[in-house]
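Structure first, commentary second.
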Amino acid sequence: QVQLVESGGGLVQAGGSLRLSCAASGRTFSTFAMGWFRQAPGKEREFVAAISRSGGSTYYADSVKGRFTISRDNAKNTVYLQMNSLKPEDTAPYYCAADRYGSGSKRRSSYEYWGQGTQVTVSP
């Protein structure tokens, strides 16, 4: 079993920044590609960013490209999402996910393990 715990969410003004963290345990962290998703009220869970096992490849949704940066530190079993220039539309719970077989998928179905989420709220 893989356990993922997100942290770093909070309330910020538009234009501000947050850094989310996802700490993993239960398996060898470096064997998983990792992703971030969000789910705003009334919407489906949406891909945000993904990173390959080594961290050498990253992928972003068009809505966040240029503003968000995903990274990982395998020695610390942690993946990060740096969120800059935040907009009210970014408001959602953010979920960390682990993909045992892929290299950084945009598809929710590719991820076997999920955290319970951390709330990001951006005020106007």
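Atoms considered below: every heavy atom in the structure, side chains included; atoms not considered: hydrogens, waters and symmetry mates.
Closest approach of Asp73 to Phe29, counting heavy atoms only: O-CE2, 4.2 Å. Leu4 and Ala24 make their closest contact through CD2-CB, 3.6 Å (heavy atoms, listed as atom of the first residue, atom of the second, distance). Nearest heavy atoms, Ala33 versus Gly102: CB-O, 3.5 Å. Here the shortest heavy-atom pairing between Ala14 and Pro88 reads CB-CD, 4.1 Å.
Other members of the cluster containing Tyr80 do not exist, because no ILVMFWY side chain is joined to it at under 4.5 Å. With side-chain heavy atoms closer than 4.5 Å counting as contact, directly or through intermediates, the hydrophobic cluster containing Tyr111 also holds Phe37, Phe47, Tyr59, Tyr95, Trp114.
Annotation: disulfide (SG to SG under 2.5 Å) contacts involving residues 31-95, sequence neighbours excluded, are absent. Residue pairs meeting the disulfide (SG to SG under 2.5 Å) criterion with at least one member in residues 47-124, sequence neighbours excluded, are Cys22-Cys96. Listed by first then second residue, pairs satisfying salt bridge (Lys or Arg N to Asp or Glu O under 4.0 Å) with a partner in residues 34-57 read Arg38-Glu46, Arg38-Asp90, not counting sequence neighbours. Evaluation of the salt bridge (Lys or Arg N to Asp or Glu O under 4.0 Å) test over residues 101-124, restricted to residues two or more places apart or in two chains, returns none.
Val12 meets the side-chain contact (heavy atoms from CB on, under 4.5 Å) test with Leu18, Leu86, Val122; sequence neighbours excluded. When the side-chain hydrogen bond (donor to acceptor under 3.5 Å, both in side chains) test is applied to Ser85, no partner is found at least two apart in sequence or on another chain. Every side-chain hydrogen bond (donor to acceptor under 3.5 Å, both in side chains) that Ser123 has, sequence neighbours left out, goes to Gln13. Applying the side-chain hydrogen bond (donor to acceptor under 3.5 Å, both in side chains) rule to Asn74 yields the partners Arg72; only residues at least two apart in sequence or on another chain are considered. Annotation: side-chain hydrogen bond (donor to acceptor under 3.5 Å, both in side chains) contacts of Thr91 (sequence neighbours excluded): none. Partners of Ala49 according to the side-chain contact (heavy atoms from CB on, under 4.5 Å) rule, which considers only residues two or more places apart in sequence or in another chain, are Tyr60, Ile70, Leu81.
For the pair Gln39 (side chain) and Ala92 (backbone), a donor-acceptor distance under 3.5 Å is absent. Side-chain atoms of Thr118 do not come within 3.5 Å of backbone N or O of Glu6 as any donor-acceptor pair. Listed for the Thr69 side chain is no donor-acceptor partner under 3.5 Å among the backbone atoms of Gln82.
Separating the OG1 atom in Thr78 from the CE atom in Met34 is a distance of 9.0 Å, to the nearest 0.5 Å.
Using a 4.5 Å heavy-atom threshold, the side chains of Leu20 and Met83 count as touching. Counting heavy atoms from C-beta outward, Phe68 and Trp36 have side chains that stay 4.5 Å or more apart.
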